[in-house]
Amino acid sequence: MSKKFLVGIDIGGTSIKMAVFEDDGTIIDKWEIPTNKDNQGVSIPGDIWTSLENKLKEHSIDPKEVQGMGVGAPGFIDSDTGSIYEAVNIGWKKNFDLGKQLQALSGLPVFVDNDANLAALGENWKGAGNLAENLIAITIGTGVGGGIITNGQVVNGSNGTAGEIGHIMVEADGYACNCGRKGCLETVTSATGMVRQAKEKLKDNPNSLLKTPLEKNGDLTTKDIFDAAKEGDAFSISIIERVADVLGLAIANVATIVNPSKIVIGGGVSKAGDQLLIPLRKAFDSFCLPRISEACEFRIAQLGNDAGVVGAAYLVKQKLS
Ligand code: ZN
């Protein structure tokens, strides 16, 4: 029986995305199940396997025809053992042995990596990366995730923490970050950070167009900020410029180490497209070694929420080749 299928799984705080692929990356089926976080997430491996087994049956696929399962999860992960050191928003603690459990349940080879790393790998296989040998991927949403690919491989580091671009410190005495430190990149340039800065400084800018959505909805979104900037609101433009400056400097420094041909920006905030990319590229170019800047192109991510499962499937291919 030839092993022609791949399985990609992306575990998030509210749902687990799952997909079955042909060997060339064509999606046969994709679906989601809820993330059961009760009892510190103990039932998750069993939930995944039950759902996958049913789905394979539905498509008349024998598990023996599956090459392996790639799994992305949030948190700090030891990709050699498939253990999660800690994933705060799932409840896993103290080296939860996700990889081993899934392997025991399924009898398949299982490979686990950080979700942001797999999103980078997915974009590189089927999205904006176009199989770049050296690539930096940054996901800007509630937080800022990062994934680095060098020589075609995800960089994991000695304990799975490489590429955590969101936790590069940009303000030594800045705002508190989820990681327990202060002034990380994500405190300034995530959607959360952007909205916080806008709300804090709005009182000094009483004529800003942002007052209307704030009064109407009781809160702001990054879309409000980009929309107001489009209307010429100087205050909103200044927030976007600051975010572009801080992000551009951090990426320029990472690029000095990686020398990428592609820098892929994804996540909810990337929906702003050129409104973010143009000032970001300008800031990046002003900080970057010209030779590094010349070699690379900025792209908006293309796969959206599928990047994680696509990258997880590609991880299986890479590990077994
Ligand atoms: Zn941090």
Side-chain angles (χ1 to χ4, degrees), residues 10-14 37 41 72-79 83-96 112-120 136-149 154-201 220-222 225 239-240 242-258 260 263-270 276 280 283-284 287 301 307-308:
D10 184 10
I11 303 173
T14 49
K37 289 182 280 193
F76 299 128
I77 292 163
D78 183 334
S79 58
S83 292
I84 321 282
Y85 169 67
E86 187 171 24
V88 181
N89 61 351
I90 308 270
W92 289 331
K93 277 185 189 140
K94 293 184 188 135
N95 295 314
F96 184 79
V112 186
D113 208 323
N114 173 271
D115 51 2
N117 289 345
L118 293 188
I136 299 171
I138 295 172
T139 309
I140 312 174
T142 321
V144 173
I148 294 173
I149 291 172
V154 162
V155 178
N156 290 111
S158 47
N159 67 5
T161 327
E164 291 285 345
I165 294 169
H167 297 288
I168 289 176
M169 203 177 273
V170 294
E171 289 178 323
D173 203 21
Y175 202 79
C177 181
N178 287 332
C179 71
R181 302 180 308 152
K182 280 180 176 174
C184 290
L185 181 67
E186 75 172 28
T187 67
V188 180
T189 70
S190 64
T192 323
M194 278 180 84
V195 166
R196 181 177 44 74
Q197 293 166 73
K199 290 202 302 204
E200 275 173 9
K201 293 177 190 157
L220 287 175
T221 64
T222 54
I225 300 172
I239 288 175
I240 295 167
R242 166 153 162 76
V243 165
D245 263 0
V246 173
L247 194 58
L249 177 58
I251 301 175
N253 287 336
V254 177
T256 308
I257 300 176
V258 177
I263 296 171
V264 178
I265 310 287
V269 177
S270 72
L276 175 67
L280 179 60
F284 175 84
F287 296 124

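Side chains are part of it too, since the values below use all heavy atoms of this structure and drop only hydrogens, waters and symmetry mates. Remember, it's 1-based here, ligands and their atoms both numbered in the order they're listed.
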With Ser79 as partner, the option from Asn117, Asn156, Asn159 fulfilling side chain to side chain contact (heavy atoms under 4.5 Å, CB included) is Asn156
Within a distance under 2.8 Å of the Zn ion (ligand 1), the protein atoms of type N, O or S are His167 ND1, Cys177 SG, Cys179 SG, Cys184 SG
**Item:** Check: Asn95/Asp78 side-chain N/O donor and acceptor closer than 3.5 Å
**Value:** no
Q.
Quick one, Thr222 and Ile140 - any side-chain contact, counting heavy atoms below 4.5 Å?
A. no
Only pairs under 3.5 Å count here: list side-chain donor-acceptor contacts from residues 172-185, not counting sequence neighbours, and write none if there are none.
{"unit_1": "Arg181", "atom_1": "NH2", "unit_2": "His167", "atom_2": "O", "d": "2.6"}

Going through the checks in order, is the side chain to side chain contact (heavy atoms under 4.5 Å, CB included) test met by Ile225 and Val243? CA-CA 12 Å; Ile225 300 172; Val243 165; over 6 Å; no
Do the side chain of Asn114 and the main chain of Gly75 share a donor and acceptor less than 3.5 angstrom apart? yes
